[in-house]
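Step one of this worksheet: look at the structure below.
In what follows, chains are A, B, ... by sequence order, proteins preceding strands, each numbered from 1.
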Protein chains: 2
Amino acid sequence: MDRHQTEKDDEASGQGRPTLKTLAFMTGLGVTTVSRALKDAPEIGAETRRRVQLVAKQIGYRPNRAGVRLRTGKTNVISLVLNTEREIMSFVSDIIYGVSEVIADTPYHLIVTPYSRSQDPLDPIRYLVETGSADGVIISRTQPNDPRARYMLERGIPFATHGRTDMGLIHPYHDFDNYAFAAEAVRHLAGIGRRRLALLAPPVELTYHSHTLNGFTDALSEVGASEIPFNTVSIDHSIEQIRMRTAQLMRRDVRPDGFVSSAAAATLAIVAGIEDAGLKLGRDVDVVSKQSSDLLHLFRRELLVVNENFRLAGAELARSVLGWIGGSAPGSLQSLSVPTEVLAYRRPD
Amino acid sequence: MDRHQTEKDDEASGQGRPTLKTLAFMTGLGVTTVSRALKDAPEIGAETRRRVQLVAKQIGYRPNRAGVRLRTGKTNVISLVLNTEREIMSFVSDIIYGVSEVIADTPYHLIVTPYSRSQDPLDPIRYLVETGSADGVIISRTQPNDPRARYMLERGIPFATHGRTDMGLIHPYHDFDNYAFAAEAVRHLAGIGRRRLALLAPPVELTYHSHTLNGFTDALSEVGASEIPFNTVSIDHSIEQIRMRTAQLMRRDVRPDGFVSSAAAATLAIVAGIEDAGLKLGRDVDVVSKQSSDLLHLFRRELLVVNENFRLAGAELARSVLGWIGGSAPGSLQSLSVPTEVLAYRRPD
DNA sequence: GTGACAATCTGTAACGTTTCAGTATATAGG
DNA sequence: CCTATATACTGAAACGTTACAGATTGTCAC
């Protein structure tokens with residue numbers, strides 16, 4: 001309504017956004033030549049190529065995404081698929097920033113595709129694949145037998161998972177070494193004299209549940225400590241639930257003198273539960289927790305922490321997806337992040 | 001390379017994703033008719049319309065975004081523009097979820113457009129507008145005189161701001177009533193006998209700095225309390241800096257007996273600083289803090305909190321942008337969120 | 001029976017891009 | 001001088017959609 005195309009359409013001079021036609025007009029070349037010159041095709045003369053690229057830069061030519069996408073099917077989009085209820089908060093922001101960092105000087109855009117509790121986690125994936133909305137996908141909350149990974153593998157759409165699968169299928173992933181984390185945590189606790197340890201693990205359905213559990217139990221037998229079962233809750237449970245269960249546990253005769261916690265928010269709840277039971281952190285019990293931002297030491301200086309860097313994970317995942325899109329072998333795009341040592345509080349200067 | 005189009009192109013039968021042509025073939029109608037039937041155009045017969053829509057639903061027709069975008073210029077994209085260094089973590093995830101909630105049953109996608117410290121905040125906006133990458137934009141960290149808002153207003157691109165501007169220009173926004181927050185905080189502190197109050201404010205350049213400050217000082221004079229200046233830091237400073245400055249402040253002869261803090265992470269630092277100085281929260285000093293997730297009470301039960309709901313903000317901002325895109329008057333798309341009362345810790349059941 | 005008119009439907013062109021199948025020119029070989 | 005070949009360029013078609021300008025009916029008044 002508002003846009004009068006009063007000019008004849010060949011007047012590719014100044015008005016709107018420059019297109020290939022504009023460039024063709026300005027250089028006196030054909031649209032095809034311009035297109036090829038811009039992507040360094042071999043059959044274009046060296047000088048022509050330089051000339052076109054110069055003019056393109058001068059007038060700030062940017063390829064029209066819709067045109068490219070319609071013609072080639074390439075969307076230049078990476079989708080990050082998130083569970084809107086269960087993702088860890090800092091995970092979301094850090095991973096987004098990590099991804100952004102990597103795709104910043106590429107033509108890629110990042111779209112966030114959410115799904116909620118009520119939905120099948122496969123739904124958003126199906127949507128993306130069926131509508132061809134992305135060239136690559138990043139998923140989290142990976143399961144040993146993950147239907148999403150299988151689905152995308154079948155359709156040949158590049159993706160990367162945060163966390164590993166265990167289906168005998170090869171795909172890019174980035175994972176934190178939760179086995180090492182749990183084992184180190186146990187060793188540290190044993191080193192300060194703790195003998196009866198409890199683990200607040202990730203939810204059973206996720207792959208890193210067993211990684212964590214294995215690291216925990218292997219190290220337990222290594223150091224000769226014993227486990228106090230604490231598997232009525234996971235880090236996916238509410239703060240209140242974890243707090244209550246922890247308090248219950250700590251009021252028993254045989255109670256843990258050490259905790260390993262797989263998430264910072266859950267650790268707050270554990271500590272609250274410990275204190276609800278009238279016990280004192282650092283005296284009656286020690287807690288080693290993963291954290292993704294440096295806040296737990298402020299919470300209770302007695303806490304022992306291991307850092308997990310989600311921003312790095314985001315960057316790594318983005319690199320993997322782009323790598324796969326770019327033709328690298330999926331098997332070569334897997335990475336594991338080694339945990340820091342267990343960090344105790346140090347007084348600030 | 002891999003996609004052989006062996007069939008004649010009219011065989012719009014089964015192979016790929018259904019298009020209008022597929023539907024036209026199946027219904028025996030023209031492409032134009034199908035297109036209009038799907039959008040309930042008036043000149044299509046009632047039965048034809050129903051028939052087309054039925055078939056479309058049956059075979060799962062989804063309009064090709066690139067086609068629509070190329071033809072109409074409509075992207076069906078909302079962009080959330082984020083500062084990758086300074087945004088509050090929970091803000092990012094909650095606002096994304098809030099936006100997602102609202103656009104879930106629309107054709108819109110959410111893209112995240114990041115910018116970093118080094119860049120002009122106007123850069124990402126210019127990019128979005130120049131490349132026509134979004135139908136609507138959401139920005140945060142709003143300033144009284146905000147070049148981004150002015151820029152988008154000039155180009156006529158719909159947007160909504162988290163926080164208000166103060167340029168005499170009308171645009172959609174959602175804001176938390178920080179004036180009321182600070183005023184209520186002061187009243188509450190005065191009510192429990194605190195007389196010398198310090199404010200940890202948002203950074204001066206953001207609009208809600210002065211809202212907060214005004215609420216703070218107005219209520220101070222209302223209750224007859226006095227201000228202990230604490231403006232060498234803002235909530236944008238690092239945890240360490242805030243902690244150190246707080247400790248310094250608390251070691252002075254004339255030190256605050258109450259704090260008002262505009263962000264939860266900063267509050268952790270304030271408390272740490274208070275304790276560094278050998279003082280005790282709840283006895284020597286009280287702190288009222290904003291928080292966006294329910295964790296501060298776990299940190300120190302003596303903390304007094306006011307909740308700010310970022311998820312709601314995200315939803316509200318998305319509604320505003322969509323409203324503007326849909327033709328509503330920008331002035332009718334402004335909302336203010338009223339703070340909860342100051343909440344003290346209650347023991348869980 | 002004719003004209004007018006409304007109700008339905010349709011073909012063509014265009015959005016910006018890339019690919020396919022060329023065309024034109026120059027160089028070299030015989 | 002003619003043909004072959006390489007080099008540098010080009011027009012047309014297509015991706016899926018919508019807008020424009022018709023085209024084909026049927027109905028009704030006269």
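To the nearest angstrom, P of dG16(C) lies 6 Å from CG of Asn64(A). Distance NZ (Lys21(B)) to P (dT12(C)): 13 Å, rounded to an integer number of Å. Rounded to a whole Å, the CG atom of Leu20(B) is 15 Å from the C1' atom of dC9(C). The separation between Arg65(A) atom CZ and dT18(C) atom P is 13 Å, rounded to whole Å. Atom C1' of nucleotide dT17(C) and atom OH of Tyr61(A) are separated by 7 Å, given to the nearest angstrom. If you take CG of Leu38(B) and P of dG16(D), they are 15 Å apart, rounded to a whole angstrom. Rounded to whole Å, the distance from NZ on Lys39(B) to C1' on dG16(D) is 11 Å. Atom CG of Asn76(A) and atom C1' of dT18(C) are 14 Å apart (whole Å).
A side-chain N or O of Ser140(A) and one of Glu87(A) form a donor-acceptor pair less than 3.5 Å apart. Residues Arg150(B) and Asn145(B) bring a donor and an acceptor atom of their side chains to less than 3.5 Å of each other. In the model, Gln53(B) has a side-chain atom that pairs as donor or acceptor with a side-chain atom of Asp40(B) under 3.5 Å. With 3.5 Å as the limit, one finds a donor-acceptor pair spanning the side chains of Asp135(B) and Thr75(B). In summary, the side chains of Arg69(B) and Asn64(A) do not present any donor paired with an acceptor at a separation below 3.5 Å, with no hydrogens or angles considered. A donor-acceptor contact closer than 3.5 angstrom is absent between the side chains of Ser116(A) and Thr84(A).
Across residues 44-56 of chain B, Ile44(B), Gly45(B), Thr48(B) each have a non-hydrogen atom less than 4.0 Å from an atom of DNA chain C (numbered order). A heavy-atom distance below 4.0 Å to DNA chain C is reached by these residues of residues 27-34 of chain A, ordered by number: Val31(A), Thr32(A).
For Glu43(B) and Leu70(A), each mapped to the nucleotide of DNA chain C holding its nearest heavy atom, the one lying further toward the 5' end belongs to Glu43(B).
Annotation for Glu154(A): atom CD counts as buried by contact number, over 12 foreign heavy atoms lying within 6.0 Å.
Nearest to the side-chain atoms of Arg36(B) among the listed nucleotides dA14(D), dC15(C), dC20(D) stands dC20(D).
The shortest non-hydrogen separation linking His171(B) to Leu153(B) is CB-CD1, 4.5 Å.
Under the 30°/60° scheme for interplanar angles, the aromatic rings of Phe159(A) and Trp324(A) are found to be tilted.
At dT18(D), one or more side-chain N or O atoms of Ser35(B) fall inside 4.0 Å of OP1 or OP2 (strictly under the cut-off).
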